[in-house]
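Some notes on the structure that comes next.
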Protein chains: 2
Amino acid sequence: MDNDNPPSESSPCLVLDAVSPAVLGASVMDRLRQLATQHASVPAGTTLYRQGEPFQAIYAVRVGAVKTVVNDAAGDGQVLSFRLPGEFFGLTAIHAGHYVNTAIALERTAVCSLSFPALSRVADEHPALRRQLMRLMSGVILNEQDAHAALAGHAAPARLAFILLALRRRMPEPEASAETLRLPMSRADLGQSVGLTPETTSRVFGQFRRHGLIHASGRRVRFLDTVRLQAMAASISPAAPSRQVPQNVAGTTSANDGGRCSQAADGGG
Amino acid sequence: MDNDNPPSESSPCLVLDAVSPAVLGASVMDRLRQLATQHASVPAGTTLYRQGEPFQAIYAVRVGAVKTVVNDAAGDGQVLSFRLPGEFFGLTAIHAGHYVNTAIALERTAVCSLSFPALSRVADEHPALRRQLMRLMSGVILNEQDAHAALAGHAAPARLAFILLALRRRMPEPEASAETLRLPMSRADLGQSVGLTPETTSRVFGQFRRHGLIHASGRRVRFLDTVRLQAMAASISPAAPSRQVPQNVAGTTSANDGGRCSQAADGGG
DNA sequence: CGGAGGCTTGACATATATCAACGGTAGTGG
DNA sequence: CCACTACCGTTGATATATGTCAAGCCTCCG
């Protein structure tokens, strides 16, 4: 593993700092550093692991972004999720014993891997690390659950609002702030992750623009009216309590241009 | 109240047997039995825990069935997932510290609860239990991922086929067999879990009937052409070693790798 | 026997996918 | 540095699937 250009790596695996600031002791951190393998940064499109390969390590994003996809029966890939700096992926392989999806870098990306057997041994000795791992996995389930709710219960605008807000929340600075977000993925990938075609995705972007919710040019997004966006995405229980914003459904949208902009049809019945 | 006929409760918490047949030693099993609280069976509609309540225990279904729902901003509930006998729920609360969805019994149901602090203590002493728990959680993520793929990438018939096959696979006998399945939930709930209205759900059922895929009367389903159903649901790609998975759409994935067996799952806790 | 809710079906509205074309942008190579 | 080429994003016209509204029947339960 050659070293390309370490951005700001105080720790061997930036991720570990995020996961366990002071929760884990110094000794645990040392052990983790030892078993963490830093991989050289790879260009966009690189496959990190492939569906079906034997499981041996879990991964974390250091810089860049990764998408996980499953190979549809047809051969098309269905985008499942995105992993941003500080987030783990490959966890589903724990159960299956092999990777059940394929991880692909969306841009120039550096990841680190943690040998799972080795990690388990360290965890055997450190209760705090165990707890951390369980919390981690629980959090992944939580995210998936939110996505499920967004997908199952809502129309295109709500879905897009959801994924945009989720990405902004999860993306670290400086790629994201309260007002802006730089998307690491194409419109096609973004939309497909929430079950939309590229065309629909683009059209909804246009809607958002016209309604003054965002200003988007290319992969640069500026949030102009977060409150209304959140109202559209509503239903999603944010994993972050601090982020929780009252359901102030400012939904008094101008019901005009064929647009149902505020709360869309709820699957309801 | 507890006049429920014990199906085969050799263990206080049937679930534990399923989770850990021989993997865990007898001593661990004893510890688990001690900390498991068996709850009396409750009628349909009973709320097991509510979104927002403080987290203290994870649950498992002994008999009956449970749905997890999130309260939409509007107040409507969005059905997230179903829990069948032997499956756990409430796991998402580990991360959040409080329950992030509400669990409701779909029919007369008996559950048991495991105090999470107590469980953690036992796990601290038994590596095998720890592994089992991680596998469990990984399996939950896996199930959610499958659901995500089904929801995001496919039309109504595929979604319904997916959920029907998933339920048949996960439902223990005698409620399910290779050919039959007794659904514990209404059409409305079934459909909503995969983002469909009751009307659409009903129509697709009709389609399936007309095409000779199933015979459904009320909540009783008989599978007449599992192969074609699997073909429709395809999206759930069984992990194949090579990337060239796509066989034919006829779902000849057959018995071996056709489905992921994740034993106990929770999507939403 | 009566009422309530669940299921089904029909007619209609509309959101979204599909097909198609075009313009912009960025990366590539001259 | 410029031109070229892909790809990405956008937009339009059209088809289709699914949600919505509405009504009726059946089943289960009281």
Side-chain angles (χ1 to χ4, degrees), chain A residues 43-45 67 72 74 76 78-79 106-108 150-161 164 182-210 214-221 232 253 255-269, chain B residues 43-45 67 72 74 76 78-79 106-108 150-161 182-192 194-210 214-221 232:
Chain A
K67 67 175 174 183
D72 203 297
D76 321 309
Q78 166 64 49
V79 175
L106 287 165
E107 53 188 1
R108 184 150 277 277
L151 273 180
H154 301 278
R159 295 187 199 178
L160 197 62
L164 285 175
R182 191 189 60 80
L183 295 169
M185 76 291 289
S186 69
R187 293 277 190 282
D189 280 348
L190 184 73
Q192 207 195 15
S193 76
V194 291
L196 303 176
T197 59
E199 293 94 332
T200 298
T201 306
S202 182
R203 277 186 252 268
V204 176
F205 257 94
Q207 248 181 65
F208 284 179
R209 266 190 288 254
R210 262 176 275 121
I214 64 173
H215 171 69
S217 110
R219 299 187 176 184
R220 204 116 218 155
V221 178
M232 304 193 72
T253 55
N256 48 11
D257 72 308
R260 32 127 43 117
C261 202
S262 65
Q263 64 194 51
D266 176 19
Chain B
K67 67 175 174 184
D72 203 296
D76 317 311
Q78 166 64 49
V79 175
L106 287 165
E107 54 188 359
R108 182 150 277 276
L151 273 180
H154 301 277
R159 296 188 198 177
L160 197 61
R182 190 190 60 82
L183 296 169
M185 77 291 290
S186 69
R187 293 276 190 282
D189 280 346
L190 183 73
Q192 207 196 15
V194 291
L196 303 177
T197 59
E199 294 93 331
T200 299
T201 307
S202 182
R203 278 187 251 268
V204 177
F205 258 95
Q207 248 181 65
F208 284 179
R209 265 190 287 255
R210 261 175 275 117
I214 63 174
H215 171 69
S217 107
R219 299 189 176 182
R220 206 115 220 154
V221 177
M232 306 197 69

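Letters A, B, ... are given to chains in the order of the sequence lines, protein chains preceding strands, and every chain is numbered from 1.
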A:Glu107 vs A:Arg182, salt bridge (Lys or Arg N to Asp or Glu O under 4.0 Å): CA-CA, chis, key distance, verdict: CA-CA 12 Å; A:Glu107 53 188 1; A:Arg182 191 189 60 80; 3.2 Å; yes
Spacing between A:Arg159 atom CZ and C:dA15 atom C1', to the nearest angstrom: 11 Å
Could you give the angle between the helix axes at the two ends of the helix from C:dC1-D:dG30 to C:dG30-D:dC1, with five pairs per end, rounded to 10 degrees? 50°
Would you mind classifying the nucleic acid contact of A:Gly191 as base, sugar-phosphate or nothing, using non-hydrogen atoms under 4.0 angstrom? nothing
Report the distance from atom CD of A:Gln207 to atom P of D:dT11, rounded to the nearest whole Å. 12 Å
Do any N or O atoms from the side chain of A:Ser202 and from the backbone of A:Glu199 form a donor-acceptor pair under 3.5 angstrom? no
Give the rounded distance in Å between these two atoms: CD of B:Gln192 and P of D:dT20. 11 Å
A:Arg159 side, atom CZ; A:Leu190 side, atom CG - distance, nearest 0.5 Å: 12.5 Å
Can you tell me the distance, in whole Å, between the CG atom of A:Leu190 and the P atom of D:dT10? 11 Å
Got a sec: does the CZ of B:Arg220 have more than 12 other heavy atoms crowding it under 6.0 Å? no
Given 3.5 Å as the limit, does a donor-acceptor pair link the side chain of B:Arg187 with the main chain of B:Thr200, or not? no
How would you summarise protein contacts on nucleotides 6-12 of chain C per nucleotide, using B for base, S for sugar-phosphate only and - for none, with heavy-atom distances below 4.0 Å? -SBBBB-
Look up atom OG in A:Ser193 and atom CE in A:Met185, then write down how far apart they are to the nearest 0.5 Å. 7.0 Å
Just the rounded figure in Å: distance from P of D:dA17 to NE2 of B:His154. 16 Å
Check whether B:Gln78 reaches the backbone of B:Gln192 with its side chain - one donor and one acceptor, N or O, closer than 3.5 Å. yes
Check the distance between C:dA15's C1' and A:Met232's CE and give it to me in whole angstrom. 13 Å
So which heavy atom on A:Leu106 is nearest to which on A:Ala44, and how close? O-CB, 3.5 Å
